[in-house]
Amino acid sequence: MPKMAHQRTYLMLENYIGGKFVPCSRHLDSYDPSSGEVYCRVPDSGTEEVDAAVNAAKDAFPAWSAKSPLQRSQILHKLADLIEAHLEEFAQAESKDQGKTITAARSMEIPRAVYNFHFFASTILHHTTECAEMDHMGCTNFTTRTPVGVAGLISPWNLPLYLLTWKIAPAIATGNTVVAKPSEMTSVTAWMMCKLLDEAGVPPGVVNIVFGTGPRAGEAIVSHPDVPLISFTGSTLTAQRIRERSAPFCKKLSLELGGKNPAIIFDDANLDECVPTTVRSSFTNQGEVCLCTSRIFVQKNIYNQFLERFVESARKWKVGIPSDPTVNMGALISKEHLEKVKSYVNLAKNEGAKVLCGEGIDSLEVPDKNKMGYFLLPTVITEIKDSSRCMQEEIFGPVTCVVPFETEEEVIQRANNVKYGLAATVWSQDIGRIYRVAKKLHTGMVWTNCWLIRDLNLPFGGVKASGIGREGGKDSFEFFTEVKTITIKH
Ligand code: NAD
Ligand code: MN
């Protein structure tokens with residue numbers, strides 16, 4: 001802790017277990033990314049706290065799972081309404097805690113957290129199961145679906161409440177109870193939501209939130225014998241550890257991991273739409289979205305034209321303090337992460353690549369009190385090899401690479417030439433080409449002539465190192481329930 005610590009008052013978070021706020025004996029410092037100062041203390045929970053949360057969730061399970069879908073639906077709608085009623089407070093808190101712009105938090109993320117609850121409150125009313133007749137055997141077969149039990153939910157720091165509620169909502173809608181852990185770097189909005197659970201009618205123990213680090217609190221959840229299901233969103237490396245730690249228990253796993261998402265831009269693309277959308281897809285949320293574009297392949301005959309327009313737009317993408325409603329980009333999550341992102345830019349330079357704008361090229365103006373904030377300008381790299389770590393590894397910051405290609409076949413092969421397979425974007429007016437390319441890309445999702453448009457009914461998730469499992473209306477229902485086939489002889 002800094003020397004002056006005793007003179008300051010910090011926001012103090014507490015765990016939420018069995019419907020009560022419970023103090024923790026250990027705490028972690030949490031930083032304001034826009035100033036680099038500690039402003040919040042987060043419980044540093046371990047096995048003891050996780051055990052208490054799992055017990056509370058187990059106790060709450062029989063009554064919660066016995067409620068009708070309509071009863072649970074009404075509670076979820078109420079919770080959504082309560083979050084919405086406090087939308088501005090949540091948005092301010094998310095922006096301060098994470099470094100994202102107040103505009104993103106206010107107009108996109110907190111509204112989406114609200115919608116996650118409304119959405120699953122609705123879908124839970126509409127599921128049916130299968131039936132197969134076998135008259136020749138005198139039998140009818142059908143399936144039933146039941147909640148799995150205590151769900152362990154672990155979420156990352158980039159879209160804190162948005163991604164946490166994307167897990168909590170389907171988990172409890174289907175009748176499970178949960179033990180959830182947000183990132184230790186972005187715990188505030190989850191803690192704020194706990195204050196609304198009782199008023200919404202969520203019974204004690206149905207939603208338990210334990211704060212802390214991955215190695216302590218996270219692993220205690222993952223390796224708990226009474227948590228049969230883990231839904232995890234985060235990095236590929238952590239997912240590997242989770243698979244190892246959960247392996248002895250044969251848990252149900254959903255893993256939403258990193259990406260190295262290509263944008264493929266053919267020479268017939270509508271650049272008036274493509275350029276601004278690709279700037280957005282590269283730099284939204286400081287480039288800290290798993291779906292952000294970080295490899296831009298442009299067909300050779302429009303390469304120079306695209307690059308010029310792209311760099312010009314990237315330079316206009318305004319970086320500033322997160323609370324300023326006119327900025328496009330705020331601060332990165334942490335000092336360590338900022339250093340990591342910068343190290344990729346240096347690596348590219350050392351390899352002989354060209355940095356066209358951003359880090360090391362342009363200068364950034366922020367107020368004095370924000371000089372220690374974790375800011376980085378949108379950075380565009382070119383003349384870089386596909387084999388460079390900058391073209392292979394997830395940077396997860398406002399850094400994107402632009403390279404030329406000649407043929408359709410070539411670009412498909414190069415786009416697929418990474419370990420990740422989350423999403424891709426294809427720009428062309430030729431519907432035949434769009435279809436062929438989309439079919440051949442090894443990714444879970446492909447956007448054509450647009451980016452980030454999502455219907456929550458449809459599956460979301462990646463292939464290869466980007467994960468296993470899908471989430472969405474039907475997929476989340478299936479993941480958070482256990483199916484059983486019953487045969488009746490009549
Ligand atoms: P991370 O893997 O470091 O952490 C994610 C969560 O896991 C945090 O809550 C962390 O505390 C916890 N954790 C860490 N180690 C753990 C362990 N050993 N056992 C259990 N839990 C552990 O990821 P991050 O840095 O917070 O988030 C960024 C990553 O998340 C990026 O790779 C990004 O692509 C990915 N992401 C993926 C999606 C998606 O839907 N595919 C969405 C957002 C972010
Ligand atoms: Mn924070």
Side-chain angles (χ1 to χ4, degrees), residues 11 13 28-42 44-45 50 93-100 152-160 162-164 166-167 180-191 209-224 227 230-246 253-261 285 287-292 294 322 331-334 336-337 340 374 393-397 420-423 443-445 454 459-463 465-472:
L11 181 61
L13 309 192
L28 302 156
D29 285 339
S30 190
Y31 296 81
D32 173 345
S34 75
S35 66
E37 280 171 14
V38 176
Y39 86 104
C40 171
R41 309 260 300 146
V42 176
D44 181 10
S45 312
V50 168
E94 200 76 301
S95 170
K96 182 167 178 82
D97 200 21
Q98 207 275 343
K100 65 179 68 257
L153 312 177
I154 299 177
S155 59
W157 48 255
N158 63 329
L159 306 169
Y162 171 137
L163 287 174
L164 187 67
W166 175 240
K167 298 183 185 306
K181 191 197 86 62
S183 166
E184 63 277 23
M185 285 182 275
T186 54
S187 294
V188 174
T189 48
W191 171 76
I209 304 214
V210 176
F211 299 100
T213 67
R216 293 192 76 231
E219 290 206 14
I221 296 172
V222 166
S223 56
H224 200 295
V227 178
I230 302 288
S231 171
F232 169 77
T233 299
S235 66
T236 302
L237 201 64
T238 303
Q240 185 183 335
R241 179 84 184 143
I242 289 177
R243 292 183 79 172
E244 286 164 9
R245 297 289 283 150
S246 66
L253 296 180
S254 171
L255 306 171
E256 296 289 347
L257 315 177
K260 190 67 191 173
N261 312 305
N285 203 49
E288 297 167 332
V289 182
C290 54
L291 302 167
C292 273
S294 59
L332 273 67
I333 183 68
S334 67
E336 294 69 29
H337 189 55
K340 181 184 154 200
Y374 318 134
E393 297 175 8
E394 183 182 49
I395 299 175
F396 217 58
Y420 293 106
L422 190 58
T443 61
M445 291 158 292
R454 264 282 292 149
F460 179 100
V463 300
S466 293
I468 36 175
R470 293 290 181 275
E471 295 180 342

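As the structure lists them, so they are numbered: ligands from 1, and atoms in each ligand from 1. Below, each value reflects all heavy atoms present in this structure, side chains not excepted, and no hydrogens, waters or symmetry copies.
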So CG of L253 and CZ of F232: to nearest 0.5 Å the spacing works out to 10.5 Å
Check your understanding: Does any non-hydrogen side-chain atom of F396 lie less than 4.5 Å from one of H337?
Key -> yes
For atom 35 (C) of ligand 1, the closest protein heavy atom turns out to be G234 O, 3.2 Å
Scanning both residues in full, the closest heavy-atom pair of Y39 with K96 reads CD1-CE, 3.5 Å
In ligand 1, the atoms that come under 4.0 Å of a heavy atom of R241 are 18 (N)
Q: May I ask you to check if ligand 1 and T236 share an N or O to N or O distance below 3.5 Å?
A: no
If the contact criterion is a heavy-atom separation under 4.0 Å, does G462 count as touching ligand 1?
no
What one should report as the nearest heavy-atom pair of S466 and G421 is OG-N, 2.9 Å
Taking only non-hydrogen atoms of L163 and a 4.0 Å limit, the atoms of ligand 1 in range are 42 (C), 43 (C)
Quick note on ligand 1: atoms under 4.0 Å from a heavy atom of S183 include exactly 9 (O)
key: side chain to side chain donor-acceptor pair (under 3.5 Å) between K167 and S254, intermediate numbers included   = CA-CA 10 Å; K167 298 183 185 306; S254 171; 5.7 Å; no
If you scan protein heavy atoms around atom 15 (N) of ligand 1, the nearest is T238 CG2, 3.3 Å
Distance-only polar pair, side chains of S231 and E471, donor-acceptor under 3.5 Å
yes
Taking only non-hydrogen atoms of T233 and a 4.0 Å limit, the atoms of ligand 1 in range are 5 (C), 36 (N), 37 (C), 38 (C), 39 (C), 40 (O), 42 (C), 43 (C), 44 (C)
Regarding ligand 1, does W157 bring an N or O atom to under 3.5 Å of one of the ligand's N or O atoms? yes
> Any luck finding a side-chain donor-acceptor pair between K181 and S45 under 3.5 Å?
Replying inline: no
request  = Report yes if some N/O of G214 lies less than 3.5 Å from some N/O of ligand 1; otherwise report no.
outcome  = yes
Answer with yes or no whether G467 contacts ligand 1, where contact means a heavy atom under 4.0 Å from a ligand atom.
no
V50 and A217 have their tightest heavy-atom pair at CG2-O, 3.7 Å
Here the atoms of ligand 1 under 4.0 Å from any heavy atom belonging to G218 are 19 (N), 20 (C), 21 (N)
d(I242 CD1, S235 OG) to nearest 0.5 Å is 8.0 Å
Value for OG (S35) from OH (Y374), rounded to nearest 0.5 Å, stands at 7.5 Å
Atom 27 (O) of ligand 1: closest protein heavy atom, distance to 0.1 Å, is P156 CB, 3.2 Å
Only one of T189, V42, V188 passes side chain to side chain contact (heavy atoms under 4.5 Å, CB included) with D97, and that residue is V188
A student checking ligand 1 against G258 at a 4.0 Å heavy-atom cut-off should list atoms 32 (O), 34 (O)
Counting heavy atoms under 4.0 Å, the part of A217 that contacts ligand 1 is neither
Do any nitrogen or oxygen atoms of E394 lie less than 3.5 angstrom from nitrogen or oxygen atoms of ligand 1? yes
heavy-atom search around atom 36 (N) of ligand 1 in the protein gives C290 CB, 3.6 Å
* N/O separation below 3.5 Å, S235 to ligand 1 -> yes
- Message: How about OH on Y31, more than 12 heavy atoms from neighbouring residues, nucleotides or ligands closer than 6.0 Å, or not?
- Response: no
For N158, the atoms of ligand 1 under 4.0 Å from one of its heavy atoms are 43 (C), 44 (C)
Rounded to the nearest 0.5 angstrom, the CD-OG1 distance for Q98 and T186 is 6.5 Å
In this structure, NZ of K100 is separated from CG of N285 (nearest 0.5 Å) by 3.5 Å
the protein heavy atom lying closest to atom 28 (C) of ligand 1 turns out to be F396 CE2, 3.6 Å
Atom 10 (C) of ligand 1 has as its nearest protein heavy atom K181 NZ, 3.8 Å
Fill in: Heavy atom of S466, distance to ligand 1 below 4.0 Å
no
Check: N/O/S atom of D32 under 2.8 Å from the Mn ion (ligand 2), yes or no?
Finding: no
With heavy atoms and a 4.0 Å threshold, my read on which part of E184 contacts ligand 1 is side chain
Is S30 close enough that one of its N/O/S atoms sits under 2.8 Å from the Mn ion (ligand 2)?
no
Atom 9 (O) of ligand 1 has as its nearest protein heavy atom S155 O, 2.7 Å
- Query: Would you call L291 and L422 a side-chain contact if the rule is heavy atoms closer than 4.5 Å?
  - Reply: yes
Of all protein heavy atoms, the one nearest atom 41 (N) of ligand 1 is L257 O, 2.8 Å
Counting from 1 in the order shown, the ligand 1 atoms closer than 4.0 Å to a non-hydrogen atom of F460 are 40 (O)
Exercise for the section: Check whether any side-chain heavy atom of I154 sits under 4.5 Å from a side-chain heavy atom of V222, and report yes or no. Expected result: yes
#### Entry: Heavy-atom check, side chain of F460 versus side chain of E256, under 4.5 Å
yes
Considering distance alone, does some N or O of E219 sit under 3.5 Å from an N or O of ligand 1? yes
